[in-house]
Amino acid sequence: MDEFRERIRNKKRIVVKIGSSSLTHKETGDMDYIRMEKLVRELSNIRNQGKEVILVTSGAIAAGKNAVNLNNIRVDSQAESLAVKQACAAVGQARLMMTYQKLFAEYNQVAAQILMTKNTIVDNLNRYNAHNTFSELLKMGVIPVVNENDTVATYEIEIGDNDTLSAIVAALVEADLLILLSDIDGLYTDDPRTNPDARFIERVEELTEDLMEMGKATTGSSMGTGGMNTKLMAAQIATNSNADMVIANSRDIGVLHRILAGKNEGTLFVAHKNENFDLPLFVKGLHMK
Ligand code: GLU
């Protein structure tokens, strides 16, 4: 085991992000309860080891669309589509939490819901309050379950994707590890779906300009909003804030305990605390470039 992986065994405050495509069945868009149940079992087990856990979960819009049978309906005007998306999120977020609450209760854990927008970080008072709420929840042994507040977040105040949101949460709570569970194994030198010569990258010690540029060329999955670009953005936020970050495949949720045991799973981005990194300023600048 190399020294970087060895260090992961001692991580104490862990943020785990899972995306919509990992939580739903491809064929129907319906929730994958087996996947959710395994996720909750893994997270509960991490809590039982005395570590603190925060879950950042997508799936609100997907679950809502499904509940109101809008899976295949085309929405015409942009305003209408936003309102439909927000209405679906309102239905779906409640459903999502209902399922998480039930599953966490089965493992004797208490879960809480936190919904955020860009303003939660940019506004000083909001950020202060959010920070205090997270701290208290963790002190109480509760597992915060976080999503973007999709029912109110429009372009001006949205973070826009949960990869970025999870890194922002990791920075806000001073987590020491962020794990992004995704439908890919980790970072490759190119898109492995289109280039058979793409090589897997096990560890990134420095986020170079070249690497960031490479991410911009890739596209996201059909369900969630994140592609490699948002994952590299997340890596930038996390590593600057002194958290290691791992991207791993959610195909087997058991990858979580293997990562925490120091096993060589996924791509590890090594933390580099940057005293000049200003989280509110960075978040304020999102989408404005
Ligand atoms: N917040 C959105 C949802 O829960 C998803 C955002 C994302 O997948 O990145 O549906």
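- Distance check, rounded to the nearest 0.5 Å: CD of Gln49 to CZ of Arg9 gives 11.0 Å.
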Kindly list each side-chain donor-acceptor pair under 3.5 angstrom involving residues 26-33, sequence neighbours excluded, with atom names and distances?
residue	atom	partner	partner atom	Å
Thr28	OG1	Asp30	N	3.1
Asp32	OD1	Ile34	N	3.2
Asp32	OD1	Arg35	N	3.1

Worked check of salt bridge (Lys or Arg N to Asp or Glu O under 4.0 Å) between Asp185 and Arg251: CA-CA 9 Å; Asp185 296 334; Arg251 198 188 305 117; 3.2 Å; yes

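- Within the 4.5 Å cutoff, side-chain heavy atoms of Tyr100 are placed close to those of Leu39.
- Looking at heavy atoms from C-beta onward, Asn264 lies in side-chain contact with Arg5 at the 4.5 angstrom threshold.
- The existence of a salt bridge linking Lys102 and Glu106 is confirmed by a sub-4.0 Å separation between a basic side-chain nitrogen and an acidic carboxylate oxygen.
- For the atom pair Leu286 CG and Ile237 CD1, the distance stands at 6.0 Å (nearest 0.5 Å).
- Within the 4.5 Å cutoff, the side chain of Leu55 has no heavy atoms near those of the Val53 side chain.
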Side chain to side chain donor-acceptor pair (under 3.5 Å) between Glu37 and Tyr107, worked out: CA-CA 10 Å; Glu37 147 116 59; Tyr107 290 100; 2.8 Å; yes

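- At a threshold of 4.0 Å, the pair Lys11-Asp176 does not count as salt-bridged, since none of the basic side-chain nitrogens sits closer than that to a carboxylate oxygen.
- Within 6.0 Å of atom CG in Asn132, more than 12 heavy atoms from other residues, nucleotides or ligands are found, so the atom counts as buried in its surroundings.
- Put simply, CD on Glu42 and CD1 on Ile253 are 7.5 Å apart, with the number rounded to the nearest 0.5 Å.
- Counting only heavy atoms from C-beta outward, the side chains of Leu43 and Leu256 approach each other to under 4.5 Å.
- Annotation: side chain of Phe269 is in contact with side chain of Leu187 (closest heavy-atom distance under 4.5 Å).
- Among Met116, Glu158, Lys118, Lys17, the single residue meeting the side chain to side chain contact (heavy atoms under 4.5 Å, CB included) criterion with Leu165 is Met116.
- For the pair Ser22 and Ile18, the tightest heavy-atom approach, listed with the atom from each and the gap, is CB-CG1, 3.6 Å.
- Connection of Val15 to Val142 is established within a shared hydrophobic cluster, with ILVMFWY side chains joined at heavy-atom distances below 4.5 Å, either directly or through further cluster members.
- Here the side chains of Phe200 and Thr267 are in contact, with some heavy-atom distance below 4.5 Å.
- The side chain to side chain contact (heavy atoms under 4.5 Å, CB included) test with Leu260 is passed by exactly one of Asn45, Val255, Ile46, Asn10: Ile46.
- The closest side-chain heavy-atom distance from Cys88 to Val68 is below 4.5 Å.
- Hydrophobic clustering keeps Leu268 apart from Leu207 (ILVMFWY residues linked when any side-chain heavy atoms are closer than 4.5 Å, directly or through intermediates).
- Between Val145 and Ala111 the shortest heavy-atom distance is CG2-CB, 4.1 Å.
- Contact record, Gln236 with Met212: OE1-CE, 3.4 Å, taken as the closest heavy-atom pair.
- Rounding to the nearest 0.5 Å places CD1 of Ile168 at 6.0 Å from CD1 of Ile121.
- Atoms CG and OG, from Asn162 and Ser182 in turn, are 12.0 Å apart once rounded to the nearest 0.5 Å.
- Annotation: side-chain contact (heavy atoms from CB on, under 4.5 Å) contacts of Asp150 (sequence neighbours excluded): Ala60, Ile61, Ala89, Asn147, Glu148.
- Put simply, CD1 on Ile247 and CD on Glu265 are 14.0 Å apart, with the number rounded to the nearest 0.5 Å.
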